[in-house]
Engineer: 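One structure coming up, written as structure tokens, with questions to follow.
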Amino acid sequence: MLPTDDIAYIEAFGNYCDVHLFNGESVTMTFQLHYFVEAFNKLKQNFFTHVGKSLIVNTNYVYAIIPPKTNY
């Protein structure tokens with residue numbers, strides 16, 4: 001069990017996920033990413049967003065989104 005406030009982001013690797021914490025540590029768990037999505041959706045205040053095929057981020061700590069440069 002981890003407090004959701006401690007989670008910065010979650011990165012999926014097949015049947016495993018690395019839960020990255022704000023203190024710099026990471027914990028590997030044997031859950032698929034959809035488990036976390038379903039669990040976070042049950043929270044009264046859900047601050048997590050599924051932003052890609054293998055990534056969930058804690059939006060409380062997103063300060064800017066910088067798109068990549070394109071050569072058009």
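If you read the sequence from its start, that first residue is 1, and numbering goes on from there.
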Engineer: Are Tyr9 and Leu2 connected in the hydrophobic side-chain network, where two residues link if heavy atoms are under 4.5 Å apart?
Structural biologist: no

Engineer: Find out whether Phe36 and Met29 are in side-chain contact, i.e. whether some heavy atom of one side chain is under 4.5 Å from a heavy atom of the other.
Structural biologist: yes

Engineer: Within the supplied structure, the quantity of interest is the number of heavy atoms (other residues, nucleotides, ligands) at a distance under 6.0 Å from Phe13 CZ; does it exceed 12?
Structural biologist: yes

Engineer: Distance check, rounded to the nearest 0.5 Å: Asn15 atom CG versus Leu33 atom CG?
Structural biologist: 11.5 Å

Engineer: Taking atom CZ of Phe40 and atom CD1 of Ile10, what is their separation to the nearest 0.5 Å?
Structural biologist: 3.5 Å

Engineer: Would you sort out whether Asp6 and Asn23 count as a side-chain hydrogen bond (donor to acceptor under 3.5 Å, both in side chains), showing the intermediate values?
Structural biologist: CA-CA 8 Å; Asp6 292 348; Asn23 65 7; over 6 Å; no

Engineer: If you compare all heavy atoms of Gln32 against all heavy atoms of Cys17, which two are closest, and at what distance to 0.1 Å?
Structural biologist: C-SG, 3.9 Å

Engineer: Please name all residues satisfying side chain to side chain contact (heavy atoms under 4.5 Å, CB included) with Thr30, sequence neighbours left out, ordered by chain then number.
Structural biologist: Tyr16

Engineer: List, one per line, each side-chain donor-acceptor pair under 3.5 Å for residues 52-63, sequence neighbours excluded.
Structural biologist:
residue	atom	partner	partner atom	Å
Asn58	OD1	Asn60	N	3.0
Asn58	ND2	Ile7	O	3.0
Thr59	OG1	Phe47	O	2.8

